[in-house]
Amino acid sequence: VSREDLLDAAIAIVSEERGAVAVAGEGTLARDLRERLRPRLADPGAGASVVIETTGEPEQIARALTSVEDLGVIVLAGPPPAEPVALDLYGDLHVRGLRMIGVRAGVAKLGPG
Amino acid sequence: MLIGHFPRVYSARGGRTELHAKGRTPNAGSARSKELMIPPRARGAIASGLGWALTARGIDPAEHELVRAETIDWAWARARALRHHGHVIAGLGVMIPRPGRAELRPVELASPGPDQVTVEILASSVSPGTERAQWLRLPNAQPRLPFAPGYSGAGIVLASGSGVSDRPPGTVVAVARARHASVATVPASWTTPVPDGVEIHDAALVYLAIIAGYGVDRAGPINGESVCILGAGAIGLLALRVAVLRGAGGATVVAATRRAEPDALAAGAVRFATLDDQLEEIRAQVVIDATGNPESVAAATAAARPGGRIVLLGSPRGVTRGTPIAEIQRKGLTIVGAHISSLAVAARRDSGDPFARLAEEFLAAIAAHGIDVASLRGEACDPREIGLLYRRLARQEVRAAYLDWSVVPRGDRVRRRAALSLPRLSPRPHGLPASAVRTRAVSRRLRFALIGCGDIGVSNARAIAASANGELTISHDQVRGLADSVAAAHGCAVADSLSDALNREIADAVLIAVPHHLHAPLAAQAAAAGLHVLVEKPLAIDVAGARQAINVAASSGVQLSVCFIYRYDPAVRLAARLLEAGALGAIRGANVLFHADKPASYWVGGFSGRATSTWRSYRSTAGGGVLIMNLSHYVDMIRHLAKVELRSVAGAARTESGAEVEESVALAVTLDGGAVASLSASAATRGAPANRFELWGEHGTVRLEPDPAIYTERAIPGLVPGRWTPLAPGAPDHSRRTLIERFADAILAGSTPDVTPGDGLAVQEFIAAAYRAIETGTPTTLECGLAA
């Protein structure tokens with residue numbers, strides 16, 4: 001999957017969501033996302049309704065879950081982790097009504113939620 | 001007011017969220033103290049003062065939290081009632097005061113304030129998954145204790161507050177967020193009128209249906225889409241019904257077993273699978289995970305097609321160790337959290353009342369026969385047996401259930417309480433009345449001859465004289481002076497010989513109170529003379545003697561009974577009645593511990609020294625030591641109460657050097673039905689600590705020594721489920737007199753006495769088997785069918 005495909009897929013998801021966006025990670029994908037989403041980026045220190053996680057690191061995914069606002073969205077756009085990840089899906093996702101969307105490049109429309 | 005659905009919100013992480021705290025469920029007690037706006041220092045002073053008062057009243061510290069919470073409820077109800085110029089309503093509610101314990105407790109509520117209604121709850125639904133998790137205190141389900149469980153109910157509006165015009169008294173309503181209680185005062189917006197044609201116990205599922213409906217909501221439009229439901233519990237099967245109602249194109253249910261397959265197919269599923277099946281073949285556009293299993297997200301991911309949505313509807317009970325992030329990304333899946341508390345947040349953000357919408361959709365669908373929830377309502381349970389229900393839930397024996405409050409007497413369910421009444425600072429139930437064990441008096445009297453006028457003979461003479469239907473007409477003893485003293489005390493004749501005493505012109509029955517080895521021969525002789533026989537225990541010193549006496553009595557057409565007087569202790573009689581009513585259920589075990597500190601003089605003259613004899617010291621005259629002399633009573637008690645036979649025995653005994661009969665004995669026993677018992681006794685326990693007798697079953701325990709009391713999870717009149725109740729406290733012990741009266745009743749009525757020859761023989765057989773096991777060091781099995 002090319003970086004451009006990932007970028008387009010993530011942007012497509014975010015375009016269907018309301019609220020401020022935060023991007024987690026410092027790679028080129030993160031930089032490009034920030035550039036494309038600049039008008040919607042959350043102010044530093046402020047909450048975000050959408051967090052795009054670009055690192056694929058388990059700790060960063062867990063942090064994205066805890067940092068997003070209630071009823072918010074986490075977009076998983078980083079490289080897939082090699083192993084399953086331990087997450088508190090009850091406290092971090094279920095109770096708070098979050099949605100976690102795996103970016104699948106080439107799928108521009110990913111169902112409502 | 002949407003916020004009315006969640007009046008109390010808790011900060012999860014430093015106030016960042018308004019949803020429930022992680023792993024916590026809102027607790028009424030603590031929240032109310034906050035609402036009362038009591039300053040922390042004053043709360044502390046009140047709490048310590050209350051603690052002091054409770055300790056001074058002798059209340060177990062383990063109960064303090066419960067009493068504190070109830071006192072806060074008491075104050076809260078009155079504060080609300082005063083504020084709204086209303087009154088206080090009392091009822092009953094389920095409470096979990098500490099882990100592993102559930103019981104009905106009094107609840108007090110204010111009458112409805114503005115925009116509120118008070119509802120007499122007739123049915124409250126059990127959410128098996130959540131309530132089981134709370135009961136077991138599984139991860140993410142550990143509410144602060146004491147905790148009032150319950151979700152969902154239905155009943156009749158008793159009163160409406162100002163501003164409530166569409167729910168007048170008498171309206172049948174479903175109540176979301178109703179705890180398990182007989183009465184509830186709630187915001188009117190929590191209630192939904194129940195349409196005609198909807199059964200009240202089906203309407204009681206309303207909050208579970210809201211939860212399930214919200215889960216389907218979170219999946220987005222599903223009309224025509226393929227749906228997979230993971231989990232076939234109440235929430236899963238409700239979600240299935242809602243999904244089908246909303247036009248899901250084809251539904252597959254996946255569960256751990258096939259137990260729910262018929263139900264799922266009847267509810268509209270087109271396919272049923274288990275976790276062993278190839279879930280990848282399901283390829284559902286929407287997967288609703290209602291299992292509560294933190295690891296089931298992997299199965300959900302497998303069952304979803306690329307681009308699909310997975311709704312986490314069941315609350316995961318723990319951390320998901322294996323979240324398949326790579327697979328979620330590969331398939332481009334969306335995982336959606338759907339805990340009901342997030343609906344409240346969404347409701348505040350958006351317009352409309354989604355709770356009311358979902359409740360109305362559910363009830364209307366039942367009324368229109370769009371969905372059928374008959375199989376989900378489950379079994380009706382007596383709220384008084386909540387402890388039993390939770391125990392069964394823990395064992396996963398209950399798929400669905402509701403509490404049927406209508407079985408509780410209405411006076412206990414709903415009553416008005418005086419605003420000025422004091423809080424009930426005691427968790428203890430009332431004891432059972434001792435009057436329940438009176439015997440019946442008759443007009444005729446049974447004439448007794450007393451053979452043997454030693455210690456026990458004197459006791460029996462007194463009991464006959466005191467009885468309502470017995471009369472001591474003649475006494476006899478080999479020691480003439482002993483018989484004379486009995487005659488002087490009770491005004492009866494004295495027989496010079498045994499044959500003179502066994503005279504049907506003078507006596508109808510004989511009471512034999514002589515050394516053990518003479519029991520059977522004298523019983524046979526008396527029976528042969530045509531007298532009914534009541535013989536002291538044991539019936540004989542061996543089985544052969546017992547059988548001989550029984551055979552003679554049978555061939556002579558007279559009754560033969562044995563003085564097992566422990567049966568007639570008031571507490572034992574009451575216990576027997578309660579056991580017959582099912583208080584213990586199937587017997588699981590017994591524990592008997594007998595202690596005596598018999599002085600040396602006992603072995604030559606009994607406790608009083610009235611009759612000098614060494615017969616108690618020898619096997620040939622006593623048949624044995626503490627086992628036959630004392631434990632035989634308890635063997636009879638176990639048989640009498642448990643209604644099962646003792647089947648095998650292993651044991652050991654200690655005999656003092658130079659003595660012939662055992663001083664101490666320890667037995668391990670099995671009973672019919674798989675119960676086990678431990679019986680031990682000692683005639684030389686220095687200080688003679690208290691005896692113990694405990695018998696327990698699947699639903700409860702009875703303790704007869706010391707401090708007789710009973711504990712049961714069953715709703716038995718006179719008992720409080722989940723609480724120890726004293727048995728006949730303060731009742732005078734007229735055991736021996738009662739035995740005489742019951743025996744006389746039976747003889748005069750021409751019926752069989754309580755203690756049958758078979759009872760006497762069964763005890764004899766057991767004693768013989770126990771001695772055989774001790775002597776051989778080998779467990780001994782008793783033959784079946786000993787008892788007549």
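Residue numbering restarts at 1 for every chain, and letters A, B, ... go by the order of the sequence lines. This is a predicted model, so every value here is computed, not measured.
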### Query
Would you call B/S342 and A/L71 a side-chain contact if the rule is heavy atoms closer than 4.5 Å?
yes
### Query
Tell me, side chain or backbone of B/L313 under 4.5 Å from chain A's heavy atoms, or both, or neither?
backbone
#### Entry: Contacting moiety of B/V311, where chain A heavy atoms sit under 4.5 Å
neither
### Query
Is atom CZ of A/R63 surrounded by more than 12 heavy atoms (other residues, nucleotides or ligands) closer than 6.0 Å?
no
### Heavy-atom side-chain contact between B/P294 and A/L89 under 4.5 Å
no
### Summary
Taking a cut-off of under 4.5 angstrom between non-hydrogen atoms, the residues of residues 76-84 of chain A near chain B are A/L76, A/A77, A/G78, A/P79, A/P80, A/P81, A/P84
### Message
Can you list everything that forms a side chain to side chain donor-acceptor pair (under 3.5 Å) with A/E35? Sequence neighbours excluded, please.
### Response
A/R38
### Gap between atom CD1 of B/I328 and atom CD1 of A/I101 - 0.5 Å precision
11.5 Å
### Task
Mind checking the CD1-CD spacing from B/I325 to A/E53? Nearest 0.5 Å is all I need.
9.0 Å
### Message
Quick check on A/I74 against chain B: is it the side chain, the backbone, both or neither that has a heavy atom closer than 4.5 Å?
### Response
neither
### Query
Does some side-chain heavy atom of A/R99 sit less than 4.5 Å from a side-chain heavy atom of B/R309?
no
### Query
Looking at residues at least two apart in the chain, or sitting in another chain, which of them share a side chain to side chain donor-acceptor pair (under 3.5 Å) with A/T54?
none
## Note on the structure
Here the gap from A/D92 atom CG to B/T320 atom OG1, rounded to the nearest 0.5 Å, amounts to 10.0 Å
#### Entry: Residues in salt bridge (charged side-chain N to carboxylate O under 4.0 Å, His left out) contact with B/R137, at least two apart in sequence or another chain
none
### Task
Heavy atoms only: give me the nearest B/T323-A/M100 pair and the separation to one decimal.
CG2-CE, 4.5 Å
